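As structure tokens, the structure follows; a few thoughts come after it.
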Amino acid sequence: MRLEPAGTWTDDLWFLDQDNREVLGTDGWWPLQHGHATGGLVGGNLSTLSLLRGTPYMPSLADAVLVVEDDDESHPANFARNLTALLQLPGAAAIRGLVVGRFQRATNMTRPLLEQIIARQPRLAGLPVLANVDTGHTSPMATLPIGGQVTMSAVPGDVHLTLTQH
């Protein structure tokens with residue numbers, strides 16, 4: 001199954017008022033670092049995943065395409081700190097790529113700020129990074145099969161995720 005960027009998105013409590021929703025345009029998924037990667041899909045909400053560090057429940061990051069997203073309580077400094085800690089775990093040196101979900105507007109995350117955060121991560125050097133992906137706490141909300149196989153393309157003009165085994 002091939003997933004591609006949605007043309008619009010929302011950042012609201014959709015279940016409260018279906019008639020008065022603010023639909024926003026999108027500039028698509030952002031290929032922050034170019035390339036392709038294939039691996040097992042690991043990740044989820046970054047703040048929650050961070051709580052698993054040091055426990056037997058932390059999944060291995062080796063050979064994974066890591067997907068992270070966070071909610072409106074995560075501001076850029078929190079996101080950067082949690083991402084840095086995650087990338088210092090055993091196995092993180094062998095991740096194959098990174099997918100970052102779309103941030104809610106309340107986080108004040110911008111593309112230039114996220115590019116700066118990614119560029120400061122030595123473990124991500126040379127790896128494909130795709131951001132602003134339709135997963136997380138905004139709609140549409142793609143449900144990604146953690147543990148399944150995924151191929152990512154973070155190349156301008158060819159930006160997608162392909163679920164190869166789920």
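Bear in mind that the values here come from a model prediction, so they are computed numbers and not experimental data. Because only heavy atoms are used, hydrogens play no part in the values below, and waters and symmetry mates are left out as well, while side chains stay in.
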Spatial distance of atom CG (Leu127) from atom CE (Met152) [nearest 0.5 Å]: 9.0 Å

For residues Gly28 and Pro5, report the shortest heavy-atom separation together with the two atoms involved. CA-CB, 4.0 Å

How many angstroms lie between CG in Leu86 and CG in Leu98, if you round to the nearest 0.5 Å? 9.0 Å

Quick one: do Asp27 and Arg102 make a salt bridge, cutoff under 4.0 Å? no

Would you confirm whether Asp134, through its side chain, and Ala6, through its main-chain N or O, come within 3.5 Å as a donor-acceptor pair? yes

Please answer: with hydrophobic residues joined when any side-chain heavy atoms are less than 4.5 Å apart, are Leu61 and Leu49 in the same cluster? yes

Output, in order, the C-alpha distance, side-chain angles, deciding distance and verdict of side chain to side chain contact (heavy atoms under 4.5 Å, CB included) for Asn82 and Arg53. CA-CA 10 Å; Asn82 283 332; Arg53 292 188 314 245; 4.1 Å; yes

Under 3.5 Å side-chain donor-acceptor pair for Ser47 and Asp70: yes

Could you tell me whether the side chain of Ser153 and the main chain of Asp158 form a donor-acceptor pair under 3.5 Å? yes

Would you say Arg105 has more than 12 foreign heavy atoms packed within less than 6.0 Å of its CZ? yes

Should Leu51 and Leu66 be counted in the same cluster of Ile, Leu, Val, Met, Phe, Trp and Tyr side chains packed under 4.5 Å apart? no

Could you walk me through whether Leu41 and Leu161 pass the side chain to side chain contact (heavy atoms under 4.5 Å, CB included) check? CA-CA 11 Å; Leu41 195 59; Leu161 295 173; over 6 Å; no

Nearest-0.5 Å distance that lies between atom CG in Leu46 and atom CG in Asp71: 10.0 Å

Closest approach of Pro128 to Ala154 (non-hydrogen atoms, all atoms of both residues): CB-CB, 4.1 Å

Determine, using the 4.5 Å side-chain heavy-atom cutoff (strictly less than), whether Val68 and Val99 are members of one ILVMFWY cluster. no

Side chain to side chain, His137 and Asn45, heavy atoms closer than 4.5 Å: yes

Closest heavy-atom pair, Met58 versus Leu52, reported as atoms and distance to 0.1 Å, is CB-O, 3.3 Å

Would Thr10 and Glu22 count as having a side-chain donor-acceptor pair, cut-off 3.5 Å? no

To the nearest 0.5 Å, tell me how far Ile118 CD1 sits from Leu113 CG. 10.5 Å

Tell me if a side-chain donor or acceptor on Thr107 pairs with a main-chain N or O of Met109 at a distance below 3.5 Å. yes

Short side-chain to backbone donor-acceptor contact, Thr138 and Asp11, under 3.5 Å: no

Heavy atoms only: give me the nearest Pro59-Val42 pair and the separation to one decimal. CG-CG1, 3.7 Å

Hey, could you give me the CG/CH2 distance between Asn132 and Trp30, rounded to the nearest 0.5 Å? 4.0 Å

Is there a side-chain contact between Arg21 and Ser139 (heavy atoms, below 4.5 Å)? yes

Show the nearest heavy-atom pair for residues Gly25 and Trp9, with the distance to one decimal. O-NE1, 3.3 Å

Please check if the side chain of Gln33 supplies one atom and the backbone of Leu124 the other of a donor-acceptor pair under 3.5 Å. yes

To the nearest 0.5 Å, what is the distance between CZ (Arg2) and NE2 (His160)? 4.0 Å

Around atom CD of Glu73, are there more than 12 heavy atoms from other residues, nucleotides or ligands closer than 6.0 Å? no

Donor-acceptor contact below 3.5 Å, side chain Asp72 vs main chain Ala106: no

Honestly curious: do Val67 and Leu130 fall in one hydrophobic cluster under the side-chain, below-4.5 Å linking rule? yes

Which heavy atom of Ala131 sits nearest a heavy atom of Leu32, and at what distance? CB-CD1, 3.7 Å

Side-chain heavy atoms under 4.5 angstrom apart, residues restricted to Ile, Leu, Val, Met, Phe, Trp, Tyr: same cluster for Leu87 and Leu114? yes

Quick one, Glu4 with Val159, criterion side chain to side chain contact (heavy atoms under 4.5 Å, CB included). Give me CA distance, side-chain angles, the key distance, then yes/no. CA-CA 7 Å; Glu4 296 180 348; Val159 173; over 6 Å; no

Could you give all pairs that pass the ring-ring contact (aromatic ring centres under 6.0 Å, His included) test and reach residues 43-89, with sequence neighbours left out? Phe79-Phe103

Between Thr84 and Arg81, is any side-chain donor less than 3.5 angstrom from a side-chain acceptor? no

